[in-house]
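A quick write-up on the structure given underneath.
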Amino acid sequence: MNSTAESVSTSTLPPLSPGRWVRPNLLPALFGINAEQARKYRERGLWLEEKHWRYDPVRRVVYNPEEIANWFGGKL
């Protein structure tokens, strides 16, 4: 336990919040859904491109957590 990383108290770390656009690997932690479920929401047209999801500059799909939270809350 001599490692600096191990000795840092979690109470000294700043709170983290997701950015405006996040990668699919954060969806389980944020919403409890996996990338496959997100893909189905996209393909079925439930999540709209440029609102709920989009392609980043290297053509990876990223998601907007704020808009997805609104969608889960029933706001369109």
Side-chain angles (χ1 to χ4, degrees):
M1 276 194 114
N2 293 337
S3 170
T4 304
E6 290 178 21
S7 65
V8 173
S9 169
T10 56
S11 63
T12 62
L13 298 175
L16 299 176
S17 62
R20 176 146 164 81
W21 297 95
V22 300
R23 300 278 306 277
N25 58 339
L26 286 180
L27 294 178
L30 294 172
F31 302 106
I33 63 169
N34 61 33
E36 180 65 17
Q37 291 168 311
R39 181 188 61 78
K40 288 179 182 178
Y41 289 145
R42 287 192 338 257
E43 289 180 354
R44 293 176 183 161
L46 298 172
W47 286 357
L48 304 175
E49 189 170 3
E50 295 300 328
K51 181 175 183 179
H52 300 104
W53 69 276
R54 71 176 186 183
Y55 291 105
D56 70 6
V58 293
R59 302 291 297 161
R60 293 180 298 201
V61 174
V62 291
Y63 296 93
N64 184 323
E66 182 180 342
E67 290 296 336
I68 292 171
N70 289 338
W71 181 83
F72 274 117
K75 299 175 187 172
L76 301 175

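The model shown is predicted, which means the values in this text are computed figures rather than measured ones. Side chains included, hydrogens not; waters and symmetry mates left out as well; all remaining heavy atoms used.
- Sorted by first and then second residue, the salt bridge (charged side-chain N to carboxylate O under 4.0 Å, His left out) pairs involving residues 52-62 (not counting sequence neighbours) are Asp56-Arg60.
- Using the six-membered ring where Trp is involved, Trp47 and Tyr41 have ring planes that are tilted, between 30° and 60° apart.
- Closest approach of Pro65 and Arg20 over heavy atoms only: CD-O, 3.2 Å.
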Apply the test side-chain contact (heavy atoms from CB on, under 4.5 Å) to residues Tyr55 and Val61: give CA-CA distance (whole Å), side-chain angles for both, the deciding distance (0.1 Å), then the verdict.
CA-CA 5 Å; Tyr55 291 105; Val61 174; 3.6 Å; yes
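- With hydrophobic clusters built from ILVMFWY side chains whose heavy atoms lie under 4.5 angstrom apart, Leu48 does not share a cluster with Val62.
- Under the side-chain hydrogen bond (donor to acceptor under 3.5 Å, both in side chains) criterion, the residue pairs touching residues 23-36 are Glu36-Arg39, with sequence neighbours excluded.
- The two residues Trp21 and Lys51 come nearest to each other via the heavy atoms CH2-O, 3.9 Å.
- Taking every heavy atom of both residues into account, Ala38 and Leu27 meet most closely at CB-CD1, 3.6 Å.
- Sorted by first and then second residue, the side-chain hydrogen bond (donor to acceptor under 3.5 Å, both in side chains) pairs with a member in residues 63-76 read Arg42-Tyr63; sequence neighbours excluded.
- Between the CD1 atom in Ile68 and the CG atom in Leu30 there is a gap of 8.5 Å [rounded to 0.5 Å].
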